[in-house]
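Owing to the predicted nature of the structure, the values given are computational and were not obtained by experimental measurement. Just so you know, ligand 1 is whichever comes first in the structure, and atom 1 is the first atom listed for that ligand.
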Amino acid sequence: MKRRKLYEGKAKVVYETDEPDKLVLEFKDEASAFDGLKKARVEGKGALNNAISSALFELLESRGIKTHFIKKLSEREMLVYRAERFPLEVVVRNYAAGSFVKRYGVKEGTPLEPPLVEFFLKSDELHDPMVCEEHVRALKLAPPELLPEMKKLALKVNEVLRELFKKKGIRLVDFKLEMGILPDGNLAVVDELSPDSMRLWDERTGEKLDKDRFRFGLGDLLEGYKEVLSRLKN
Ligand code: UDP
């Protein structure tokens with residue numbers, strides 16, 4: 001398959017293929033946090049995130065949820081549909097953590113029932129400011145009539161992933177989704193679904209198995225990600 005580099009981000013490289021509606025995502029061995037302020041090379045992270053993302057996208061697809069995923073191509077590469085992406089991060093929270101704790105002063109781990117959906121503008125320079133539906137409309141970040149569908153999609157993804165992780169003894173605390181419109185016109189989940197973009201806590205010990213290990217130096221990043229993958233595979 002012919003490839004032409006389209007874009008290189010912090011954690012992935014995106015390539016065009018000889019088919020105009022398909023892209024290759026290559027997962028890099030780079031960890032970054034705090035809007036790119038903290039960075040490190042972590043050998044093996046790309047392969048783990050590709051494997052975890054692919055497994056989660058396959059599960060979502062099997063449950064009738066639209067995603068850009070086509071197939072896992074190789075250890076670090078995934079084939080996806082090209083989507084018209086919105087510059088939005090859709091965050092779903094089941095428990096308080098991260099920026100929610102900072103912003104609202106609640107204790108980490110406080111249950112949020114029903115799960116909360118938040119929107120953020122995807123912009124490192126602006127530090128991903130939170131936006132409300134009126135901002136999405138005013139700044140034309142996405143078609144406003146799609147917002148209810150985006151929320152519904154985010155909550156459906158939450159239901160499926162939360163149940164899966166629960167079976168594996170993992171608590172899905174929160175996660176970030178990106179969304180876009182596929183070539184067939186459907187709203188779909190794009191980007192990745194990995195411990196880089198979700199908080200996963202061991203149900204029994206409370207151990208953090210996600211990128212917070214890197215953000216706050218809580219232990220070896222790879223060990224957490226490996227644990228997540230091995231539980232998904234069992
Ligand atoms: N997240 C992400 N990319 C971002 C911001 C957040 O993947 O640019 C994920 C993060 O890993 C967590 C969830 O979205 O699982 C909620 O993040 P939060 O708003 O608490 O922000 P953070 O703690 O990253 O500042």
Sub-4.0 Å atoms of ligand 1 with respect to non-hydrogen atoms of [X]:
| X | result |
| --- | --- |
| Ser99 | 18 (P), 19 (O), 20 (O), 21 (O), 23 (O) |
| Ala97 | 20 (O) |
| Asp196 | 7 (O), 11 (O) |
| Gly98 | 20 (O), 23 (O) |
| Asp128 | 4 (C), 8 (O) |
| Val91 | 14 (O), 16 (C) |

Go through the steps for Glu19 and Thr17 under the test side chain to side chain donor-acceptor pair (under 3.5 Å), then give the verdict. CA-CA 5 Å; Glu19 292 178 75; Thr17 67; 5.3 Å; no

State if Arg93 counts as touching ligand 1 under the rule of any non-hydrogen atom under 4.0 Å.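 The answer is yes, since Arg93 has a heavy atom less than 4.0 Å from ligand 1.
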
Under a 4.0 Å heavy-atom limit, does Lys211 contact ligand 1 with its side chain, its backbone, both, or neither?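 No part of Lys211 is near ligand 1 at this cut-off.
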
For ligand 1, the portion of Glu89 having any non-hydrogen atom under 4.0 Å away: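 Just the side chain.
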
Take Glu133 and Lys151, measure what salt bridge (Lys or Arg N to Asp or Glu O under 4.0 Å) needs, and give me the verdict at the end. CA-CA 11 Å; Glu133 296 189 19; Lys151 273 198 216 164; 2.6 Å; yes

Taking the six-membered ring of Phe165, is NZ or CZ of Arg171 closer than 6.0 Å to its centre and within 45° of its axis?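 No - Arg171 does not lie over the ring of Phe165 by the 6.0 Å and 45° rule.
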
Decide side chain to side chain donor-acceptor pair (under 3.5 Å) for Thr67 and Glu61; before the verdict, give the C-alpha distance in whole Å, the side-chain angles of both, and the deciding distance to 0.1 Å. CA-CA 7 Å; Thr67 79; Glu61 287 282 338; 2.6 Å; yes

Classify the angle between the aromatic ring planes of Phe69 and Phe57 as parallel (below 30°), tilted (30 to 60°) or perpendicular (above 60°).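 It falls in the parallel class, under 30°.
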
Taking side-chain hydrogen bond (donor to acceptor under 3.5 Å, both in side chains) as the criterion, tell me which of Lys45, Lys211, Lys12, Lys10 meets it with Asp196.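 Exactly one pass, corresponding to Lys45.
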
Of the listed options Lys176, Arg215, Met130, closest to atom 11 (O) of ligand 1 (non-hydrogen atoms):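 Going through Lys176, Arg215, Met130 one by one, Arg215 has the nearest heavy atom to atom 11 (O) of ligand 1.
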
Just going by heavy-atom distances, which of Lys102, Glu192, Arg199 is nearest to atom 22 (P) of ligand 1?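 Considering heavy atoms of Lys102, Glu192, Arg199, the nearest to atom 22 (P) of ligand 1 sits in Arg199.
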
What protein heavy atom sits nearest atom 13 (C) of ligand 1, and how far away is it?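 Going by distance alone, atom 13 (C) of ligand 1 is nearest to Asp174 OD1, 3.4 Å.
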
Could you give the distance from CH2 (Trp201) to CD (Glu108), rounded to the nearest 0.5 Å?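 Interatomic distance, Trp201 CH2 to Glu108 CD, rounded to 0.5 Å: 4.0 Å.
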
Can you name the nearest heavy-atom pair linking Pro115 to Arg162, along with the distance?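 Of all heavy-atom pairs spanning Pro115 and Arg162, the closest is CG-NH1, 4.0 Å.
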
